[in-house]
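Have a look at the structure below before the remarks.
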Amino acid sequence: ILIPDSVKSIGKSAFEGCVSLTSMKTPVYACEDAPYFGALFGAKTHDAQGSAVPAGLSTLVLTGGEIIPDYAFYACRGLEAVALPETITEMGDFAFYGCEALVCITTGHTALTSVGDHVFTNCASLLSLDLPATVERMGFVEMTEIQEKAIPVLLEGRDIIGQASTGTGKTAAFGIPAIEKIVDPDDQADPQVLVLCPTRELAMQVSDELRKFSKYKEGLRVVTVYGGQNIDTQIRALKRAAVVVGTPGRVIDHIRRRTLKLMNIKLAILDEADEMLNMGFVDDINDILSHVPEERKMLLFSATMPAEIAKIAKNYMHNPQEFVIGTRNEGAENVRHIYFLVQARDKYLALKRIADHNPNIYGIIFCRTKRDTQEIADKLIEDGYNADSLHGDLSQAQRDTVMKKFRERNLQLLVATDVAARGLDVDNLTHVINYGLPDDTAVYTHRSGRTGRAGKTGVSIAIIHSR
């Protein structure tokens, strides 16, 4: 919906029931005698507004006005990006309170003179706040430890080695400075940033995050390359790519086809380097890095630091700054661990009991084998549970469909193997269920760490039997 500045007033509840509305451009004072943005959609007070604003409304561009009223966008839970006009001088109390999905706020670099209380409280996803430094210093954005340490060093032009696991905010740590400072939007003939990931799932996830950061960077394209996708489509996309995210095997393929040129790379990033090592990509990594310019910057993130990773760092990095975030195999503090000891024949019944006892469950069920994964998922579906499977025997299209459903919470239970779930980083999981315990304690810790993130609590359950 586009509302021109010439429209001076809009009645309350004017857009009530517009459940498919995804984007809106409107003056700040679009609704007459209504201090809350939700009044346009039928909310009478800010307390009720969260349920009134369409869940699909993700992009909002404001075109005029000087004041963002109190509670203006209170609990607009679907909002991901907001653009403010340069005329804004004042933000009221609770203006964006509870906008859980809000990732990016941009403005015409206005000079705010007054900012209310709790403007961005409970905006857990907010990563890019393009507002004046005076506002940023007021503490509206709380960086994770890796972001706090890495972003200033990267902006200084230093190489970085970060020993940090999945879920610590690594993507924002390298993504925001890469998009804001490193990529030259006027020079996109060849890619300027290269991100290597161990799995296609992680590559797609990193790409999605980078696209959010670059949402208002006109013409900046993030392209993902991985096996299982039509290579001709990738070749066409690479002709206009500023940032390339890919798995080592497919990146090597494009280099050999001469469809990916790395002579203009300014920043190379190895994400989850130890996982790439475990999957046998060390030779591919060396091959790829031999094609990037000597003067480029480099970031390496790894949960562990085996000798092979240290060797790569020594060969390709220049006086890197090292950070260790957390402790290896350290369990998440906000996760409650529970086990149920049952007869082997009763494991599935115990699983159903857990699901029944937690009707709002949103979690991953880990199994040891692909066969077990498919069997458990089939049983759950047959018994009426909102579940699906993720394992190596699925086609890429099937995997993408399942992942999309799960990320959008159209799926409550995902039954998966450890290998298939590599790189699957989903926020707000309530439960992790170990239907089969792993042999390695570190794997259990990694599974459990998928819940209880960003200050939230989670539950890790193990269903075990004496045999």
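For reference, positions follow the sequence shown, starting with 1.
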Is the backbone of [Y] close enough, under 3.5 Å, to the side chain of [X] for a donor and an acceptor to pair up by distance?
{"X": "N358", "Y": "I361", "result": "no"}
{"X": "R200", "Y": "T247", "result": "no"}
{"X": "T451", "Y": "L429", "result": "yes"}
{"X": "Q412", "Y": "P359", "result": "yes"}

Check: Going through the distances and angles, do H391 and T373 end up as a side-chain hydrogen bond (donor to acceptor under 3.5 Å, both in side chains)?
Finding: CA-CA 7 Å; H391 54 76; T373 299; over 6 Å; no
Report the residues that fulfil salt bridge (Lys or Arg N to Asp or Glu O under 4.0 Å) with [X], sequence neighbours left out, ordered by chain and then residue number.
{"X": "D253", "result": "R250, R257"}
{"X": "R258", "result": "none"}
{"X": "R368", "result": "D439"}
{"X": "D287", "result": "R256"}

Pairwise side-chain contact, [X] with [Y], heavy-atom cut-off 4.5 Å (strictly under):
{"X": "I269", "Y": "V193", "answer": "yes"}
{"X": "Q192", "Y": "I265", "answer": "no"}
{"X": "V251", "Y": "P248", "answer": "no"}
{"X": "Q398", "Y": "V402", "answer": "no"}
{"X": "E80", "Y": "L102", "answer": "no"}
{"X": "I68", "Y": "L62", "answer": "yes"}

How close do [X] and [Y] get, heavy atom to heavy atom, and via which atoms?
{"X": "L220", "Y": "A242", "value": "CG-CB, 4.1 Å"}
{"X": "G249", "Y": "F281", "value": "N-CE2, 4.2 Å"}
{"X": "L267", "Y": "A178", "value": "CD2-CB, 3.9 Å"}
{"X": "S389", "Y": "A377", "value": "CB-CB, 3.6 Å"}
{"X": "C197", "Y": "V206", "value": "SG-CG2, 4.1 Å"}
{"X": "S448", "Y": "V335", "value": "O-CG2, 3.7 Å"}

Tell me every residue that passes side chain to side chain contact (heavy atoms under 4.5 Å, CB included) with [X], counting only those two or more places apart in sequence or in another chain.
{"X": "V459", "value": "I338, H431, I461"}
{"X": "A462", "value": "Y339, N434, L437, I464"}
{"X": "E322", "value": "I161"}
{"X": "A273", "value": "L270, L300, S302, I309"}

Check: Hey, is D190 close enough to K261 for a salt bridge, meaning N to O under 4.0 Å?
Finding: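 No.
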Margin query: Looking at K404 and E408, is any side-chain nitrogen of the basic one under 4.0 Å from a carboxylate oxygen of the acidic one?
Written below: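 Looking at K404 together with E408, the answer is yes, because their closest N to O distance falls below 4.0 Å.
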Notebook entry, point to check: Do T59 and S23 pass the side-chain hydrogen bond (donor to acceptor under 3.5 Å, both in side chains) test, and can you show the C-alpha distance, the side-chain angles, and the key distance before you say yes or no?
Noted result: CA-CA 5 Å; T59 304; S23 60; 5.9 Å; no
Next item on the list: For the residue pair N286 and Y316, confirm or rule out a side-chain donor-acceptor distance under 3.5 Å.
Entry: yes
Note to self: Quick one about N230 and Q234 (side-chain donor to acceptor, distance below 3.5 Å, no hydrogens or angles considered), yes or no?
What the structure shows: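 There is no such pair (donor and acceptor under 3.5 Å, judged by atom type) between the side chains of Q234 and N230.
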Notebook entry, point to check: Please walk me through it: do D284 and M276 pass side chain to side chain contact (heavy atoms under 4.5 Å, CB included)?
Noted result: CA-CA 10 Å; D284 288 344; M276 287 193 276; over 6 Å; no
Next item on the list: Report the C-alpha distance between V415 and Y385 in whole Å, list the side-chain angles of each, state the deciding distance to 0.1 Å, and finish with yes or no for side chain to side chain contact (heavy atoms under 4.5 Å, CB included).
Entry: CA-CA 12 Å; V415 190; Y385 294 91; over 6 Å; no
Can you list everything that forms a side chain to side chain donor-acceptor pair (under 3.5 Å) with [X]? Sequence neighbours excluded, please.
{"X": "K405", "result": "D388"}
{"X": "E308", "result": "none"}
{"X": "T224", "result": "S207, R211"}

Margin query: Can you tell me how the ring of Y74 sits relative to the ring of Y97, calling it parallel under 30°, perpendicular over 60° and tilted otherwise?
Written below: parallel
Note to self: I need the I160 CD1 to M298 CE distance, nearest 0.5 Å.
What the structure shows: 12.0 Å
Notebook entry, point to check: Can you tell me how far the CZ atom of F323 sits from the CD atom of Q163, to the nearest 0.5 Å?
Noted result: 13.0 Å
Next item on the list: Would you please name every residue forming a ring-ring contact (aromatic ring centres under 6.0 Å, His included) with Y362, sequence neighbours left out?
Entry: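 Counting only residues at least two positions away or on another chain, Y362 forms a ring-ring contact (aromatic ring centres under 6.0 Å, His included) with F406.
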Next item on the list: I would like to know whether V82 and F73 meet side chain to side chain contact (heavy atoms under 4.5 Å, CB included); could you show each step before the answer?
Entry: CA-CA 10 Å; V82 175; F73 309 102; 5.6 Å; no
Next item on the list: Please test K370 against D393 for salt bridge (Lys or Arg N to Asp or Glu O under 4.0 Å), starting from the C-alpha separation and ending with a verdict.
Entry: CA-CA 7 Å; K370 291 182 284 188; D393 287 346; 3.2 Å; yes
Item checked: Residue pair L84, M91: steps toward the side chain to side chain contact (heavy atoms under 4.5 Å, CB included) verdict -> CA-CA 11 Å; L84 304 179; M91 281 191 187; 3.3 Å; yes
